[in-house]
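Chain letters run A, B, ... following the sequence lines, proteins first and then strands; every chain starts at 1.
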There are 2 protein chains.
Amino acid sequence: MNRKATALDVAKRAGVSRSAVSLVLNGRGDGNVAKESQDRIRQAAEELNYSPNAIALSLRNQRSRVIGILADEVVVSPFDGNIIGGADDVARSRGFVTVVMDTERDTARDASAIETLLDRQVDGLMYVTVGLKPIDVPHGMLRVPSVLANCYDNHAQPQLHHVIPDELTGGREATEHLLALGHRDIALLGGSEDSPAARLRVQGYRDAHAAADAPIREDRIFMAGWDIDAGYRGTMKLLDGVSPADRPTAIMCANDRLAVGVALAAARLGLSVPEDLSIMGYDDENRIADTMVPSLTTMALPLREIGRTAMTKLLDAIEGTDAGKGTTAETMVPCRLVTRESTGPAPTR
Amino acid sequence: MNRKATALDVAKRAGVSRSAVSLVLNGRGDGNVAKESQDRIRQAAEELNYSPNAIALSLRNQRSRVIGILADEVVVSPFDGNIIGGADDVARSRGFVTVVMDTERDTARDASAIETLLDRQVDGLMYVTVGLKPIDVPHGMLRVPSVLANCYDNHAQPQLHHVIPDELTGGREATEHLLALGHRDIALLGGSEDSPAARLRVQGYRDAHAAADAPIREDRIFMAGWDIDAGYRGTMKLLDGVSPADRPTAIMCANDRLAVGVALAAARLGLSVPEDLSIMGYDDENRIADTMVPSLTTMALPLREIGRTAMTKLLDAIEGTDAGKGTTAETMVPCRLVTRESTGPAPTR
DNA sequence: TTGAAAGCGATACCAT
DNA sequence: ATGGTATCGCTTTCAA
């Protein structure tokens with residue numbers, strides 16, 4: 001708990017002035033400080049285990065090299081975490097540190113969290129949400145360079161760049177995967193109506209059908225929710241007591257937990273997956289999709305990449321590396337199909 | 001993007017000196033500054049939307065009011081998140097901010113992460129892991145008040161306080177719940193051998209049996225791993241092709257994902273839960289245990305409370321509020337039994 | 001009751 | 001080539 005060495009300590013030990021220490025340790029020694037002194041300084045710094053006080057630096061430079069991240073709900077979600085993980089990767093590699101504040105879904109806390117971050121002189125801000133959604137951008141975010149990840153500005157004239165997954169294409173390609181396997185009766189457990197992500201995924205499902213000239217049975221579409229029990233109950237409604245000829249041959253789910261419920265129900269009904277029924281997930285949730293039995297074919301959300309991209313945009317803006325100043329206000333990152341065991345050719349009837 | 005108002009701006013607007021502003025805004029105005037000036041200062045501060053620069057404060061006070069949190073693996077885990085959530089709760093309520101650095105399981109990054117945090121003058125450090133485990137405490141942690149959450153010092157003479165769940169009692173009480181329901185043939189899917197948490201839970205299972213004079217069948221204990229597929233395969237080994245009289249009537253799992261695998265296998269074998277087979281989980285994982293069909297009886301890990309407790313200890317030490325200086329180096333937080341639908345009376349034979 | 005000045009740690013400019 | 005000094009924003013002590 002002894003205090004850290006300061007530049008002055010190093011200077012004393014090396015028998016030079018603070019300024020010399022600063023110059024040498026920042027690589028501007030040559031041409032300004034004698035070779036000998038340089039060596040002594042470097043050695044002294046080494047011996048004292050010196051590293052500059054970041055607080056003092058921040059005050060001096062008026063740049064803290066800290067990025068504030070405002071999160072929706074990191075706490076209970078493995079999703080948010082991946083976005084933040086990707087963002088932090090990039091930040092760290094460029095010499096920045098991230099400070100995460102989690103509002104635990106209470107948007108009323110947004111403003112004060114941002115004030116706190118601003119008081120700490122963050123160089124930039126990032127707003128992250130668990131699911132794709134529109135947000136009211138807190139006013140404070142406009143005071144420093146900012147970016148939105150997995151959410152977008154609800155305002156008529158969006159002022160911030162946002163990075164979001166391409167859910168529409170994701171929904172379409174997931175459906176195309178099933179259509180390509182010969183399925184023509186594909187049920188959909190679509191999440192909840194109020195989620196933009198869910199709506200886009202459903203639209204993708206419709207688009208794929210339209211493009212393939214395959215009719216859609218509206219009674220096969222349930223906006224059921226997101227959890228295992230919803231998947232289970234939805235499947236029971238679709239399959240229990242229904243004659244094989246009338247059964248959908250595939251169920252597409254708006255997330256992987258729904259798919260778990262579907263698999264559970266299928267098992268209880270004595271149906272084999274994928275022989276009797278194909279199951280398609282969404283998200284590629286860690287430790288769920290890959291370890292299910294059978295493992296889930298799913299549409300992976302590019303969360304890490306969203307985080308990386310958003311942070312890259314942000315730091316480019318902060319550091320003025322921003323070559324493409326005239327880029328659009330939106331970056332869409334594609335989802336990726338992960339083919340595993342839960343989907344297979346449609347059963348012949 | 002205009003710069004924030006400083007105390008000097010407020011002073012000018014109110015027609016007083018910086019010192020007066022400082023005194024008034026810190027509640028030390030009375031007796032030092034004229035009532036009138038006080039009002040003018042407060043009004044000016046309001047108008048300029050003034051709040052002090054936390055960086056400057058940190059430098060001046062030699063206290064940053066920042067707590068550094070070093071995490072194992074927040075990114076992919078909903079578990080870690082809950083500990084950090086609890087810790088952050090407490091920190092925020094006491095005027096501190098937390099900075100989380102995630103090493104993504106790479107302990108080689110520990111030291112540099114702590115250096116970074118120390119350079120930022122954090123007032124304290126907390127080390128958080130996903131699963132209960134021994135760690136080599138990075139040297140830097142001894143330079144400021146520190147605490148361990150969900151992990152403990154591997155060293156012969158532990159130097160830091162740690163807060164961990166009482167896994168032994170958890171394992172025992174989970175087993176007692178099943179014994180109380182009349183089960184006498186309880187299989188155990190025990191996680192992986194190298195996890196201290198798993199070992200303690202298994203020991204609790206043994207202790208409960210011993211206390212109840214119930215024999216243990218060693219061939220019912222599998223150290224299988226932690227994932228859905230492990231639960232599925234373990235269950236198949238235990239139940240598939242086994243005559244009803246020879247089957248265990250309950251399966252206790254070292255986590256909830258294993259329990260999902262068990263339920264899946266049971267469904268495929270045509271067994272009803274809990275009528276034919278009781279399933280006991282562990283962790284009370286969010287959105288899994290509560291939404292399974294049937295919902296899982298489980299032993300909840302007190303993650304949030306671990307985070308809260310650890311942060312409270314840490315801040316007490318930092319602020320000298322530490323009345324109980326002579327407390328032990330270990331705090332154990334009890335797990336909590338959550339009774340849901342997946343366990344029931346043992347079937348009569 | 002008020003204001004001036006020192007100091008927290010580091011950097012950059014400007015004399016020497 | 002080198003060291004003294006102002007500066008970042010704030011608090012605190014001391015003098016007026």
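Using a 4.0 Å heavy-atom distance criterion, A:N53 is classed as a sugar-phosphate-only contact. Among the heavy atoms of the strands, none lies under 4.0 Å from A:R63. Contact annotation for B:V16: backbone-only contact, meaning every heavy-atom pair under 4.0 Å involves sugar-phosphate atoms and none involves a base. Contact annotation for B:S37: backbone-only contact, meaning every heavy-atom pair under 4.0 Å involves sugar-phosphate atoms and none involves a base. Residue B:A34 is in sugar-phosphate contact alone, with no base atom involved, counting any heavy-atom pair closer than 4.0 Å across all strands shown. Among the atoms of the strands shown, only primed sugar atoms or phosphate atoms (P, OP1, OP2) are found under 4.0 Å from some heavy atom of B:L57.
In this structure, A:L23 places its CG atom 8 Å from P of C:dA12, rounding to the nearest Å. Separating the CZ atom of B:R65 from the C1' atom of C:dC8 is a distance of 17 Å, rounded to the nearest angstrom. Atom CG in A:L25 sits about 15 Å away from atom C1' in C:dA12, given to the nearest Å. One can place NZ of A:K35 at 17 Å from C1' of D:dT2, the figure rounded to the nearest angstrom. Counting to the nearest Å, the C1' atom of C:dC8 and the NZ atom of A:K4 are 14 Å from each other. For the pair B:L59 CG and C:dA6 P, the interatomic distance rounds to 17 Å; values are reported in whole Å. For the pair B:E36 CD and C:dT2 P, the computed distance is 9 Å after rounding to whole Å. For B:R28 and C:dT1, the CZ to C1' distance is 16 Å, given to the nearest whole Å.
Phosphate proximity of C:dA5 to B:R18: absent, as no side-chain N or O sits under 4.0 Å from OP1 or OP2. At C:dC8, none of the side-chain N or O atoms of B:N61 fall inside 4.0 Å of OP1 or OP2 (strictly under the cut-off). For the OP1/OP2 pair of C:dG9 and a distance below 4.0 Å, the side-chain nitrogens and oxygens of B:Q62 include at least one atom meeting the criterion. Using a 4.0 Å cut-off, no side-chain N or O of A:R60 falls inside it from OP1 or OP2 of C:dC8. The side chain of A:Y50 places no N or O atom within less than 4.0 Å of a non-bridging phosphate oxygen (OP1 or OP2) of C:dG9.
The existence of a salt bridge linking B:R94 and B:D316 is confirmed by a sub-4.0 Å separation between a basic side-chain nitrogen and an acidic carboxylate oxygen. Using a 4.0 Å cut-off between charged nitrogen and carboxylate oxygen, A:R40 and A:E47 do not count as a salt-bridge pair. Taking the charged nitrogens against the carboxylate oxygens, A:E104 and B:R304 do have a contact shorter than 4.0 Å, which makes a salt bridge. Between B:D9 and B:K4 there is no salt bridge, since no side-chain nitrogen of the basic residue lies less than 4.0 Å from a carboxylate oxygen of the acidic one.
At least one donor-acceptor pair under 3.5 Å links the side chain of B:S64 to the backbone N or O of B:Q121.
Residue A:N26 has its side chain nearest to C:dT11 when only D:dC10, C:dG9, C:dT11 are considered.
Within a 6.0 Å radius of CG in A:N26, more than 12 heavy atoms belonging to other residues, nucleotides or ligands are found.
Comparing B:S17 and A:A54 against DNA chain C, the residue whose closest nucleotide sits nearer the 5' end is B:S17.
Side chain B:S19 to base C:dA4: a donor-acceptor pair is found below 3.5 Å.
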